[in-house]
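Let me give you the structure first, and then I'll get to my questions.
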Amino acid sequence: MQHTDKRIVVLVSGGGTNLQALIDAQNRGEIIGGKITCVISSKADAYALTRARENGIPTRVLVRKEYPDVASYSRAILAALQEEQADLVVYAGFMTILDESVCRAYPNRMMNVHPALIPSFCGKGFYGLHVHESALATGVKVSGATVHFVTEVCDGGPIILQKAVDVQDDDTPETLQRRIMEQAEWKILPQAVSLFCQDKIEVRDGRTVIHGSF
């Protein structure tokens with residue numbers, strides 16, 4: 001029986017640095033058992049689309065502003081994911097809220113990377129530089145990134161991987177954001193995707209168990 005690669009669909013809204021990390025990992029052969037088969041953007045001018053095209057990855061654009069509400073946009077995204085036969089859906093800087101119909105259709109098959117160590121600095125309103133501004137205002141000595149499955153609770157799904165990053169005394173939100181991207185997000189997101197594609201992640205009672213080494 002021939003083993004077919006899992007189909008990974010990546011959702012983007014902006015520059016696509018996390019998408020680039022996934023593409024780079026794929027090009028290095030580090031995403032085992034899976035392949036990025038489509039990139040879907042909520043904005044027509046997202047640079048992430050250029051990154052996909054430059055690597056021969058099919059793209060689709062579903063502009064959020066063209067839909068009257070979250071429910072209709074969620075239906076359109078869900079239809080696109082089903083058309084693309086997605087096995088795994090990855091949020092890579094996807095800044096658009098979808099309703100619970102989407103994550104319910106893909107239980108433990110949608111993942112997101114968050115630029116903090118959940119449960120710190122997460123939930124509604126914690127995105128982009130807001131996360132790092134809060135971390136610095138609180139005076140934490142360590143922050144980092146978390147890859148988790150997406151559920152209807154914002155940043156509340158089962159945690160897959162986390163990586164800590166030291167906070168420096170002279171950090172600004174921008175320097176901390178950059179360090180967390182480089183040292184944590186761009187490393188653990190491809191790792192988590194590869195683990196999923198190798199069927200090494202099991203969810204038990206809302207917690208993940210990772211089988212085998214990685």
Side-chain angles (χ1 to χ4, degrees), residues 3-61 80-81 84-96 106 109-118 127-129 131-132 143-150 159-166 173-201 208 210 212-214:
H3 176 74
T4 54
D5 279 351
K6 286 188 169 60
R7 298 171 65 88
I8 304 161
V9 176
V10 184
L11 303 179
V12 298
S13 296
T17 52
N18 280 317
L19 170 65
Q20 189 67 52
L22 288 168
I23 291 170
D24 291 345
Q26 177 169 287
N27 291 344
R28 291 192 301 263
E30 290 169 12
I31 294 181
I32 300 159
K35 186 171 185 230
I36 303 168
T37 51
C38 184
V39 171
I40 301 176
S41 177
S42 63
K43 292 183 178 160
D45 60 351
Y47 186 67
L49 291 166
T50 303
R51 296 181 192 270
R53 290 179 192 125
E54 284 174 353
N55 285 274
I57 299 166
T59 60
R60 297 174 72 144
V61 177
L81 293 174
E84 295 298 334
Q85 298 176 309
D87 294 305
L88 174 65
V89 181
V90 181
Y91 282 59
F94 186 66
M95 299 310 291
T96 302
Y106 291 90
R109 290 168 58 204
M110 302 185 82
M111 63 176 65
N112 177 51
V113 60
H114 181 74
L117 296 173
I118 291 174
Y127 61 89
L129 284 174
V131 177
H132 308 295
S143 192
T146 304
V147 180
H148 63 95
F149 284 122
V150 177
I159 291 168
I160 304 165
L161 294 176
Q162 291 186 300
K163 191 170 194 303
V165 174
D166 288 335
E174 290 78 9
T175 60
L176 183 57
Q177 179 182 53
R178 183 78 197 175
R179 189 178 317 108
I180 288 174
M181 280 180 180
E182 290 174 349
Q183 294 183 12
E185 290 180 58
W186 298 346
K187 289 186 165 63
I188 63 174
L189 181 59
Q191 280 177 348
V193 168
S194 186
L195 287 168
F196 177 92
C197 292
Q198 296 172 77
D199 298 315
K200 287 186 173 181
I201 306 171
T208 64
I210 294 173
S213 57
F214 64 95

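If you're wondering where the values come from, they're calculated on a predicted model, not measured in any experiment.
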If the condition is ring pair (Phe, Tyr, Trp, His ring centres under 6.0 Å), which residues does F149 pass it with, not counting sequence neighbours?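 Here no residue qualifies.
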* Residues forming a ring pair (Phe, Tyr, Trp, His ring centres under 6.0 Å) with Y127, sequence neighbours excluded ->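 Here the qualifying residues are H130.
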Inter-residue atom distance E30.CD - K187.NZ, 0.5 Å rounding:
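Taking CD in E30 and NZ in K187, the distance rounds to 10.5 Å.
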Looking only at heavy atoms, what is the nearest atom pair of G144 and I180, with distance?
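Looking at all heavy atoms of both residues, the closest pair is O-CG2, 3.3 Å.
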If you take all heavy atoms of I8 and G34, which pair is closest and at what distance?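 Between these two residues, the closest heavy atoms are CD1-C, 3.9 Å.
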- Listed partners of R7 passing side chain to side chain donor-acceptor pair (under 3.5 Å), at least two apart: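 Listed in chain order: nothing, the list is empty.
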With sequence neighbours excluded, residues passing side-chain contact (heavy atoms from CB on, under 4.5 Å) with N27: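 With neighbours one apart ignored, the set is I23, N55.
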Requested in this report: Using salt bridge (charged side-chain N to carboxylate O under 4.0 Å, His left out) as the criterion, list what pairs up with R60, not counting sequence neighbours.
Outcome: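 Testing R60 for salt bridge (charged side-chain N to carboxylate O under 4.0 Å, His left out), a comparison that skips the adjacent residues, returns E83, E84.
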field: CG on L22 to CD1 on I31, rounded to 0.5 Å
entry: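 So the CD1 of I31 and the CG of L22 are separated by 5.0 Å.
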| Which residues pass the salt bridge (charged side-chain N to carboxylate O under 4.0 Å, His left out) test with R179, sequence neighbours left out? |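 Testing R179 for salt bridge (charged side-chain N to carboxylate O under 4.0 Å, His left out), a comparison that skips the adjacent residues, returns D171.
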Item to complete: Kindly give the heavy-atom pair with the smallest separation between L117 and S143, and that separation in Å.
Response: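 L117 and S143 have their closest heavy atoms at CD1-O, 3.4 Å.
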Check the surroundings of atom NZ in K163: do more than 12 heavy atoms from other residues, nucleotides or ligands lie under 6.0 Å from it?
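Yes, because the 6.0 Å sphere around NZ of K163 holds more than 12 heavy atoms from other groups.
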Who are the side-chain contact (heavy atoms from CB on, under 4.5 Å) partners of A192, not counting sequence neighbours?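 Residues passing side-chain contact (heavy atoms from CB on, under 4.5 Å) with A192: M111, V147, I160, L161.
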### Task
Kindly write out the residues that satisfy ring pair (Phe, Tyr, Trp, His ring centres under 6.0 Å) with Y91, not counting sequence neighbours, or none if the list is empty.
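Checked Y91 against ring pair (Phe, Tyr, Trp, His ring centres under 6.0 Å); matches are F94.
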Practice prompt. Starting at CZ of R178, measure out to OG1 of T175 and round the result to the nearest 0.5 Å.
Written response: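 So the gap between those two atoms works out to 11.5 Å.
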Where do I40 and L81 land on the side-chain contact (heavy atoms from CB on, under 4.5 Å) test, with the steps shown first?
-> CA-CA 9 Å; I40 301 176; L81 293 174; 4.1 Å; yes
For the atom pair CD (Q26) and CG (L19), what is the distance rounded to the nearest 0.5 Å?
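These two atoms lie 9.5 Å from each other.
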Worksheet entry | T96: partners by side chain to side chain donor-acceptor pair (under 3.5 Å), with sequence neighbours left out |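 S42.
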Exercise for the section: Rounded to the nearest 0.5 Å, what's the gap from CG on L49 to CD1 on I57? Could you check? Expected result: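 One finds 11.0 Å between CG of L49 and CD1 of I57.
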Exercise. Which atom names give the shortest non-hydrogen contact between P115 and E185, and what distance separates them?
Worked result: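 Of all heavy-atom pairs spanning P115 and E185, the closest is CB-OE2, 3.5 Å.
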Partner set under salt bridge (charged side-chain N to carboxylate O under 4.0 Å, His left out) for E174, not counting sequence neighbours: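 Listed in chain order: nothing, the list is empty.
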State, to 0.1 Å, how close I32 and S194 come at their nearest heavy-atom pair, and which atoms those are.
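Taking I32 first and S194 second, the nearest heavy atoms are N-OG, 3.1 Å.
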For this session: Specify the closest pair of heavy atoms between V131 and A116, including all atoms of both residues, with the distance to one decimal.
Result: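 Looking at all heavy atoms of both residues, the shortest contact is CG1-CB, 3.6 Å.
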* To do: Kindly write out the residues that satisfy side chain to side chain donor-acceptor pair (under 3.5 Å) with T146, not counting sequence neighbours, or none if the list is empty.
  =>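 Expected list: Q162.
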**Request:** Determine yes or no for a side-chain-to-main-chain donor-acceptor pair under 3.5 angstrom, with T208 supplying the side chain and I159 the backbone.
**Result:**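 Yes; at least one donor-acceptor contact below 3.5 Å.
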Margin query: Could you tell me if the side chain of L88 sits less than 4.5 Å from the side chain of K6, heavy atoms only?
Written below: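 Contact flag for K6/L88 side chains = no.
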By side-chain contact (heavy atoms from CB on, under 4.5 Å) - contacts of T17 (at least two apart):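 Scan of T17 (side-chain contact (heavy atoms from CB on, under 4.5 Å), adjacent residues dropped) gives R51, M181, W186.
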Check: Tell me, do N112 and H148 make a side-chain contact under 4.5 Å, heavy atoms counted?
Finding: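 Side-chain contact under 4.5 Å: yes.
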